[in-house]
Amino acid sequence: MQKKKPLIIIPAYMEADNIEKLVDNIIKNYPQYDYVIVNDGSKDNTREICRKRGYCFLDLPINLGIGGAVQTGYKYAQRNGYEIAVQIDGDGQHDVSQLDKVIEPLVKGEADIAIGSRFIKKEGFQSSSMRRFGIRFLSVLIRICTGKKVLDVTSGYRAVNRKFIEIYAENYPGDYPEPEAIVAAVMHHGRIQEIPVVMQERQGGTSSIHAWKTVYYMIKVSLAIIVGRISFGIRR
């Protein structure tokens with residue numbers, strides 16, 4: 001059987017301003033990858049753009065949130081036999097030209113999960129000072145709970161191998177899932193590497209995490225990390 005190309009999973013909620021440019025770039029310049037868009041119940045014309053352009057996309061009838069959309073992508077990867085799946089955001093922040101570098105540790109068998117990190121070389125868009133503080137806090141909390149040091153714990157630019165396609169297809173965190181997914185990976189003995197990447201600011205549209213949501217995000221994710229770590233230990 002011919003080995004499948006790596007799959008790019010693109011969760012998209014209200015990304016009509018960005019999705020066409022992103023996907024056309026993949027189709028034209030990166031034919032070594034397959035892709036699937038997961039339209040997460042968008043209320044704008046994201047779905048119409050995908051249908052009109054003939055893109056490969058899954059259309060969720062309601063908004064499940066980022067975790068549900070990403071898990072849908074992993075289920076697609078699982079059922080279609082992909083060995084490597086890569087998450088990128090639908091807002092244009094993640095540069096597809098760096099994808100080969102991100103998946104390299106997986107191709108070489110050196111890692112199960114590779115995370116594109118803004119904070120190794122500190123180049124490109126670094127997010128706001130408030131969000132950087134929150135990311136550092138969550139990084140320390142994850143290290144305390146798991147012993148694993150990860151700098152860019154909220155990065156949505158990450159690749160996983162078949163083992164974690166299977167795991168995440170069956171169980172993936174809900175809202176703001178990236179830090180919780182790292183904890184789950186460590187608990188499943190996943191080998192994690194961070195790869196330095198340069199990210200851009202959102203190319204259009206509006207982020208789902210506004211200033212007032214940052215405090216809620218911190219509390220919710222911190223509790224989820226602690227509870228997840230404890231519950232995994234109890235199950236074992």
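Small disclaimer: the values here were computed from a predicted structure and weren't measured. For reference, positions follow the sequence shown, starting with 1. Basis for what follows: all heavy atoms, side chains included, without hydrogens, waters or symmetry-related copies.
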Just distance, no hydrogens or angles: give the donor-acceptor pairs under 3.5 Å from side chains in residues 101-111, sequence neighbours left out.
unit_1: K101; atom_1: NZ; unit_2: P196; atom_2: O; d: 2.8
unit_1: E104; atom_1: OE2; unit_2: K108; atom_2: NZ; d: 2.8

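- Evaluation of the side-chain hydrogen bond (donor to acceptor under 3.5 Å, both in side chains) rule for S139 yields no partner, not counting sequence neighbours.
- A salt bridge (charged side-chain N to carboxylate O under 4.0 Å, His left out) check over residues 138-161, counting only residues at least two apart or in different chains, returns the pairs R118-D152.
- In this structure, the separation between CD on Q32 and CG on L99 is 8.5 Å, given to the nearest 0.5 Å.
- The two atoms that bring F137 and S222 nearest to each other are CE2-OG, 3.2 Å, heavy atoms only.
- Listed by first and then second residue, the ring pair (Phe, Tyr, Trp, His ring centres under 6.0 Å) pairs involving residues 16-52 amount to none (not counting sequence neighbours).
- The shortest non-hydrogen separation linking P179 to L138 is CG-CD1, 4.1 Å.
- Residue pairs satisfying the ring pair (Phe, Tyr, Trp, His ring centres under 6.0 Å) criterion with at least one member in residues 64-104, sequence neighbours excluded, are listed as follows: Y74-Y168, Y74-Y172, H94-Y157.
- Remark: side-chain polar atoms of S155 are not paired, donor with acceptor, to backbone N or O of S117 under 3.5 angstrom.
- Nearest heavy atoms, I195 versus A114: CG1-CB, 4.2 Å.
- At a threshold of 4.5 Å between non-hydrogen side-chain atoms, the residues N39 and C50 do not count as touching.
- A search for side chain to side chain contact (heavy atoms under 4.5 Å, CB included) contacts involving K28 returns nothing, not counting sequence neighbours.
- In the hydrophobic clustering, I144 connects to V140, either directly or through intervening members, whenever side-chain heavy atoms lie under 4.5 Å apart.
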### V36/L7 under side chain to side chain contact (heavy atoms under 4.5 Å, CB included): CA gap, chis, key distance, verdict
CA-CA 7 Å; V36 63; L7 175 71; 4.1 Å; yes
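- Taking both residues in full, the closest heavy atoms of C145 and I226 are given as SG-CG1, 4.4 Å, listed atom of the first, atom of the second, then distance.
- The main-chain N or O of A16 is found under 3.5 Å from a side-chain atom of T46 such that the two form a donor-acceptor pair.
- Here the side chain of E180 pairs no donor or acceptor atom with the backbone of V221 at under 3.5 angstrom.
- Put simply, the side chain of I192 reaches to within 4.5 Å of the side chain of V186, judged on heavy atoms.
- Between the CD atom in Q98 and the CD1 atom in I88 there is a gap of 11.0 Å [rounded to 0.5 Å].
- Residues V70 and L64 form no side-chain contact, since every pair of their non-hydrogen atoms from C-beta on lies 4.5 Å or further apart.
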Determine, step by step, whether I115 and Q193 satisfy the side chain to side chain contact (heavy atoms under 4.5 Å, CB included) criterion, reporting the C-alpha distance in whole Å, the side-chain angles of both residues, the deciding distance to 0.1 Å, and the verdict. CA-CA 6 Å; I115 298 174; Q193 282 193 27; over 6 Å; no
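- For the salt bridge (charged side-chain N to carboxylate O under 4.0 Å, His left out) test, residues two or more places apart in sequence or in another chain that qualify with R191 are D112.
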Point to revise | Pair N161-E83, side chain to side chain contact (heavy atoms under 4.5 Å, CB included): steps then yes or no | key: CA-CA 6 Å; N161 62 11; E83 295 296 325; over 6 Å; no
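- Between the side chain of T72 and the backbone N or O of G68, at least one donor-acceptor pair lies under 3.5 Å.
- Using a 4.5 Å heavy-atom cutoff, the side chains of I37 and L58 are not in contact.
- In this structure a side-chain-to-backbone donor-acceptor pair under 3.5 Å is missing from K4 to I84.
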Evaluate side chain to side chain contact (heavy atoms under 4.5 Å, CB included) for V86 paired with I9, printing each intermediate quantity in order.
-> CA-CA 6 Å; V86 188; I9 299 170; over 6 Å; no
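- Taking 4.5 Å as the limit, every side-chain heavy atom of F57 sits out of range of all side-chain heavy atoms of V38.
- Under a 3.5 Å cut-off, the side chain of E194 and the backbone N or O of L151 do form a donor-acceptor pair.
- Partners of E170 by salt bridge (charged side-chain N to carboxylate O under 4.0 Å, His left out), not counting sequence neighbours: none found.
- Put simply, the side chain of I8 does not reach to within 4.5 Å of the side chain of D34, judged on heavy atoms.
- Residues satisfying the salt bridge (charged side-chain N to carboxylate O under 4.0 Å, His left out) criterion with D40, sequence neighbours excluded, are absent altogether.
- Remark: side-chain polar atoms of D95 are paired, donor with acceptor, to backbone N or O of S97 under 3.5 angstrom.
- Put simply, the side chain of Q71 gets close to the backbone of A169: a donor and an acceptor are under 3.5 Å apart.
- With rounding to the nearest 0.5 Å, the separation of CD1 in I19 from OH in Y13 is 14.5 Å.
- I182 places none of its side-chain heavy atoms less than 4.5 Å from the side chain of I225.
- Pairs passing the salt bridge (charged side-chain N to carboxylate O under 4.0 Å, His left out) check and including a residue from residues 52-65, sequence neighbours excluded, read E20-R53, D24-R53, R47-D59.
- In terms of heavy atoms, A69 sits closest to P11 at CB-CB, 3.9 Å.
- Looking only at side-chain heavy atoms (C-beta outward), L22 and N25 stay at 4.5 Å or farther from each other.
- With values rounded to the nearest 0.5 angstrom, D89 atom CG is found 10.0 Å from I10 atom CD1.
- Shown here are the side-chain hydrogen bond (donor to acceptor under 3.5 Å, both in side chains) partners of R162, two or more places apart in sequence or in another chain: E166.
- Minimum interatomic distance between G90 and N18 (heavy atoms only, all atoms of both residues): O-CB, 3.3 Å.
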